[in-house]
Each structure stands twice: as structure tokens, then as C-alpha cells.
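What follows is one structure encoded as C-alpha cells, with my remarks underneath.
One-based numbering, in listed order, for ligands and for the atoms of each.
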Amino acid sequence: MKPKVYVTRHLPEAAWNELAPACDVTGWNEEYPPPYEVMVENMANKEGLICLLTDTIDADLMDAAPNLKVISQVAVGFDNIDIAAATERGIAVGNTPGVLTEATADFAFALLMAAARRVVEASDYVRAGQWRTWGLTLLLGQEVHGATLGIVGLGRIGEAMAKRARGFDMKVLYHNKGRRPEAETELGVEYRPFDDLLQESDYISLHVSLTPETRGLIDSRALSLMKPTAILVNTARGPVVDPEALYEALLSGRIAAAALDVTDPEPLPAGHRLLTQPNLIVAPHIASATVTSRTLMAQMAVRNCLAGLRGEPLPFPAY
Ligand code: GLV
């Protein structure tokens with residue numbers, strides 16, 4: 001009998017074609033995530049779960065699936081999964097690092113550039129019929145070339161961001177929970193204590209995982225240390241930034257602008273007061289959204305799932 005697997009969203013065809021012949025798959029094919037109760041009901045007889053970062057995978061859900069061997073997340077971040085509960089129950093957890101690194105760093109840099117040079121505002125200006133002439137002071141932005149970038153979290157994506165910044169002759173500072181001397185040599189980045197990085201950087205880009213330590217890391221105190229010309233970029237996880245503190249900082253001009261691919265909450269409701277700020281760019285959590293990255297992510301997740309079902313070590317374990 002084929003092992004039973006629950007998949008919480010439609011997978012790209014290449015991944016589906018690897019999964020479907022090997023397993024008895026029940027899938028949720030809607031655009032929106034399955035309600036928690038639907039997942040619980042479906043998990044009763046499942047040995048494998050392929051899920052997304054929008055799904056809450058907690059101890060109760062695991063207890064509703066006594067045969068569960070593997071939880072395979074189609075994402076690099078896995079803060080939606082209770083890892084301690086999975087470990088206690090002997091359930092393997094996989095994720096999809098690496099294949100989204102470059103796409104995510106590309107998007108983080110695109111956000112940085114867009115905020116610095118007011119690309120979204122400029123486009124809105126033209127569409128609104130406001131473009132009357134070439135203006136010497138029209139939509140002035142900030143230099144990117146030669147500026148200082150502060151990277152918070154020098155993991156794979158932080159490193160890829162540093163490489164892009166070096167191409168723009170930026171000075172690159174980083175803060176990380178462990179200092180990384182080899183990266184300092186290889187990438188030409190300089191370590192700074194957190195507060196120093198905030199004070200010295202023109203651009204601050206977040207690349208940390210969401211943990212109890214990083215939740216609310218960018219709060220009003222952190223924002224108050226930034227330059228008034230600073231631009232904050234978040235492609236990590238929404239709750240790393242306190243949204244109320246960010247709103248106040250943008251409103252009061254405490255910092256110049258922010259560009260977010262991730263928000264708290266997610267999705268950010270259309271009426272959220274952050275969206276009243278013209279110096280804010282928000283994208284709907286799409287930094288890894290290229291055809292190549294998302295296909296490779298789904299294929300990695302399927303491989304993790306199949307290995308877990310066979311009781312083998314996962315090729316891409318989450319921890
Ligand atoms: C996306 O945010 C991911 O964690 O892969």
C-alpha cells in the first residue's frame with residue numbers, strides 16, 4: 001500500500017510528478033490555505049505532510065496524526081512548525097534552503113533600489129497624470145552606489161545580499177549572532193554590534209529567521225538609532241519588525257522609507273494604517289517567487305517527504 005500524504009497546496013507539476021506515483025496523495029488545491037480544522041481532519045491517517053509557511057503545524061495537529069513520520073515544508077523558514085513538538089514525537093522536519101537564496105537576495109536588492117529611487121511612487125505619479133515636465137527636484141531619491149548597507153543576519157541570503165552590494169561599491173556591515181571572520185575576508189564585510197550597525201547604515205536589510213530573540217527586533221528603540229535618511233528592507237519575516245513602531249517612524253520621518261516583502265500580520269489588510277505611508281513599499285511575500293526557485297523548492301520538499309516516508313534521513317533536514 002502506498003504511504004498516505006497530505007499536501008496543503010497545489011504543487012508545481014515537476015514536483016507533483018515525483019510525488020504522485022509514489023504516494024496516495026490528498027491535496028488541498030485552493031488558493032487560500034486549508035483551515036486548521038480541515039488539516040486536522042485530513043491528517044488522521046497520514047504518514048507525510050507537505051506544507052507551506054502559512055500553515056500552523058503545532059503539537060495538536062501532530063497528535064491528530066499518530067502515523068506522521070515527516071513534515072516537509074516548502075520554504076526555507078519554518079517558524080510555523082513547532083519543532084520541539086515534532087522532535088518529541090520523532091517526526092522528521094525538512095525545509096528547502098539554498099535554491100531560493102539568489103532569487104530572494106535579488107528581490108531584497110530590488111526593494112532596496114525601489115525604495116531608494118522611489119520607483120513605485122514615480123510610476124504612480126505618471127499613471128495619475130501628474131507628469132508635466134522634467135523637474136530638477138522631481139522625485140529625488142538617495143544614492144545607492146557607495147552607500148553603507150547593514151545586513152542583519154549573515155546567513156546564505158544575507159551573504160548573497162552582500163555580494164550584490166559589493167557590486168554597487170557599497171560598504172557592507174553585518175550583525176550576526178556569531179561573528180563570521182571567514183565571511184569578513186571572503187566578502188569584505190565588517191562586523192558591527194547591533195546598535196552600531198543601525199547607527200552607521202544608510203540601508204538596513206533583515207535576513208534573520210523568526211525566533212523568540214528576533215521577534216520585534218526592529219522596535220521603536222532600534223528605529224530611533226537609525227539615521228533619518230535610513231531605508232529599512234525586510235525580506236525575512238514580518239514579526240521581526242514591530243509594525244506600530246515602523247508606522248510611527250515612517251509617519252514622523254524618523255527614517256526615510258521602508259520596503260517590506262513580509263509583514264505582520266500577513267496578509268496585510270488593505271486598510272492597514274501602514275499603507276497610508278507613501279514612503280513604504282509592500283510586496284506580498286514574493287521574494288523567492290521565480291518559476292525556477294519555486295519549482296526547485298517544491299521538488300526538494302517532495303524529496304524530503306519521500307525520504308521521511310522511507311524512514312531515511314532527510315536530504316534537507318530543517319535542523
Ligand atoms: C519564504 O519566506 C521562505 O521561508 O522560503
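With a 6.0 Å radius and a threshold of 12 heavy atoms from other residues, nucleotides or ligands, Tyr319 has its OH atom above the threshold.
Annotation for Trp131 and Tyr125: closest pair CA-CE2, 3.6 Å, computed over non-hydrogen atoms.
Ligand 1 has a nitrogen or oxygen under 3.5 angstrom from a nitrogen or oxygen of Gly77. The shortest N or O to N or O distance between Ser288 and ligand 1 is not under 3.5 Å.
At the shortest separation from atom 5 (O) of ligand 1 among protein heavy atoms lies Val76 N, 2.8 Å.
A salt bridge is absent between Lys163 and Glu186: the closest approach of a Lys/Arg side-chain nitrogen to an acidic carboxylate oxygen does not fall below 4.0 angstrom. Salt bridge status for Glu244 with Arg273: present, with a side-chain N to carboxylate O gap under 4.0 Å. Here Glu47 does not pair with Lys4 in a salt bridge; the nearest charged N to carboxylate O distance is not below 4.0 Å.
Near Leu100, meaning under 4.0 Å from any of its heavy atoms, are these atoms of ligand 1: 5 (O). Counting the atoms of ligand 1 from 1 in the order shown, those under 4.0 Å from a heavy atom of Arg237 are 1 (C), 2 (O), 3 (C), 4 (O). Below 4.0 Å from some heavy atom of His285 lie the following atoms of ligand 1, by number and element: 1 (C), 2 (O).
Proximity of Val262 to ligand 1, defined as any heavy-atom pair under 4.0 Å, is not found for any part of the residue.
Note: Phe194 and His175 meet the aromatic proximity criterion, with ring centroids under 6.0 Å apart.
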